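Report on the following structure.
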Number of protein chains: 2
Amino acid sequence: MAKKRDENTEKQILEAAKTIFQFKGMDGARMQEIANLAGINKAMLHYYFRSKQLLFEAVFNQAFSTLAPQLNMVLNDESSIEEKVKNFTSNYISFIIKHPYLPNFIIQELNRNPDFIKKIQENSALLNIEKFKKQVILEIKQGYLRPIKGEQLFINILALNIFPFVAKPLIKAFIDENDQGFKKLMEQRKTEVSDFIINAIKK
Amino acid sequence: MAKKRDENTEKQILEAAKTIFQFKGMDGARMQEIANLAGINKAMLHYYFRSKQLLFEAVFNQAFSTLAPQLNMVLNDESSIEEKVKNFTSNYISFIIKHPYLPNFIIQELNRNPDFIKKIQENSALLNIEKFKKQVILEIKQGYLRPIKGEQLFINILALNIFPFVAKPLIKAFIDENDQGFKKLMEQRKTEVSDFIINAIKK
DNA sequence: ATTTAGTTTAACCATTTGGTTAACAAAAAT
DNA sequence: ATTTTTGTTAACCAAATGGTTAAACTAAAT
């Protein structure tokens, strides 16, 4: 054999590709730029990942499998709706502050190529809100919650948590804050958002 | 003079460019594709708009000036917060159903190039929420509303209204609806979202 | 020591892409 | 009628880009 297949190189490529793809998207990213950032020859990218498309998919799948479990937390968990809202909001915002690029990248690329979602749904059989919907119906019947459709509540939870990070430049323009001010606002949202949701739905 | 500067051609170019840019973004769009869709020669694009960048900016500015007044409605209007929420939600969702591409396009391109916002802020001096913030403070003092920061309320209103359209493919994957089902959900949100917000903030 | 097989690089290639040019067509000004 | 200006096109161009190739390199197996 030869120089044991250097896993380090592959990781460096993935890391560089992640950075470039997340900032520039599939169309805006350049293979040369990724190679430069990884500190290697451009041919290596093809040696390890065959094509730009395959390299991109590797990055995208990795990004999605980082995000998906966060979202599924709300759906398949035994706690009450109120607890779910509180935990999810706090956890998710902390998570995004660590990975501020993620939601935007995923949403952007899903819009560019909606077929991606099919491949994903085949791999991970877990994007399903049936359980959550049943739980909402039950808690309404029990008199804990105001009437609301599970889908709508789920959309609202995602919206309130994810949107500010996706629309960051737009919001910064309105709010007229620098990065520090924006970050503070987001920190505040860890409790702010869950209170908002609880007030909206609790009887 | 010559064949009267055919305003029709310019409009056809802008129309085609709008379509292509909105679906593929600045990086994914091809001048040839725009020319084909407009039914003209590629050189014409440069004759009318000089460069891809300038053509893109024309499209982007037009898109932004379509969206901005919708957003400013919440900020500079004499009605109460509750009325604003109701009007804005209903109007805005109707608006987006007519222009489903808009918010995503704008958010995507603002993320790609945050400097755009500067040019915009110079042109239209209206992205300012000071008035809205004061109104929120007043209505809280008057006992109409639960305590909440104006910025956070504004973000929440935007999030609940805009996010579903931006994250459409993601949401469709979770909700497991076809386009019809998605549209129905959005129609429902015209009243659903404002009730949700009112419940959350009203004392 | 030599073979073997995976790793890495520089140079190269075909295609795509934004943009230009020069010639032509048509309408307005003279 | 003819000149002039504007609109339009086909052909062209240089640069960028994703991808390939063939040779060099490295380390383990023989």
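Order of the sequence lines fixes the chain letters, A, B, ..., with proteins taken first and strands second; residue numbering starts at 1 for each chain. Note that the structure is predicted; figures quoted are calculated from it, not measured.
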Would you say that more than 12 heavy atoms from the other residues, nucleotides or ligands in this model lie under 6.0 Å from the NZ of A:K184, or not?
no

Distance in angstrom units between A:I20 CD1 and D:dG18 P, rounded:
12 Å

Mind checking whether B:H99 and B:Y101 have parallel, tilted or perpendicular rings, split at 30° and 60°?
perpendicular

For A:F21 and A:F105, I'd like to know if the aromatic rings sit close, meaning centre-to-centre distance below 6.0 Å.
no

How about B:Y144: does its OH atom have over 12 heavy atoms from other parts shown lying under 6.0 Å from it?
no

Cation-pi check for B:F56 against B:R112: NZ or CZ below 6.0 Å from the six-membered ring centre and within 45 degrees of the axis, yes or no?
yes

Provide, to the nearest angstrom, the distance between the CG atom belonging to B:N41 and the C1' atom belonging to D:dT6.
16 Å

Using atom CG of A:L45 as one end and atom C1' of C:dT9 as the other, report the distance to the nearest whole Å.
13 Å

Heavy-atom pair with the smallest gap, counting every atom of A:L75 and A:K84
O-NZ, 3.8 Å

Send over the distance from A:L55 CG to D:dT17 C1', rounded to a whole Å.
15 Å

Take atom CD in A:E78; do more than 12 heavy atoms of anything else shown fall under 6.0 Å from it?
no

Tell me whether the side-chain N/O atoms of B:Y48 come closer than 4.0 Å to OP1 or OP2 in D:dT8.
yes

Which dot-bracket notation, 5' to 3', represents the base pairing of DNA chain C when pairs are defined as Watson-Crick or G-U with both distances under 3.5 Å, crossing pairs as [ ], and inter-strand pairs as |?
||||||||||||||||||||||||||||||

Could you say whether A:A43 or B:M44 is positioned toward the 5' end of DNA chain D, judged by the nucleotide with the nearest heavy atom to each?
B:M44

Nucleotides 16-19 of chain C: which of its N/O atoms have a protein N/O under 3.5 Å away?
{"from": "C:dT17", "atom 1": "OP1", "to": "B:R30", "atom 2": "NE", "distance (Å)": "2.6"}
{"from": "C:dG18", "atom 1": "OP1", "to": "B:A29", "atom 2": "O", "distance (Å)": "3.4"}
{"from": "C:dG18", "atom 1": "OP1", "to": "B:R30", "atom 2": "NH1", "distance (Å)": "3.1"}
{"from": "C:dG18", "atom 1": "OP1", "to": "B:K52", "atom 2": "NZ", "distance (Å)": "3.2"}
{"from": "C:dG18", "atom 1": "OP2", "to": "B:M31", "atom 2": "N", "distance (Å)": "3.1"}
{"from": "C:dG18", "atom 1": "N7", "to": "B:K42", "atom 2": "NZ", "distance (Å)": "3.3"}
{"from": "C:dG19", "atom 1": "OP2", "to": "B:H46", "atom 2": "NE2", "distance (Å)": "3.2"}
{"from": "C:dG19", "atom 1": "OP2", "to": "B:K52", "atom 2": "N", "distance (Å)": "2.6"}
{"from": "C:dG19", "atom 1": "N7", "to": "B:K42", "atom 2": "NZ", "distance (Å)": "2.7"}
{"from": "C:dG19", "atom 1": "O6", "to": "B:K42", "atom 2": "NZ", "distance (Å)": "2.4"}

Do any side-chain nitrogens or oxygens of A:T9 fall under 4.0 Å of OP1 or OP2 in C:dT8?
yes

Under 4.0 Å between a side-chain nitrogen and a carboxylate oxygen: does that hold for A:E15 and A:K11?
no

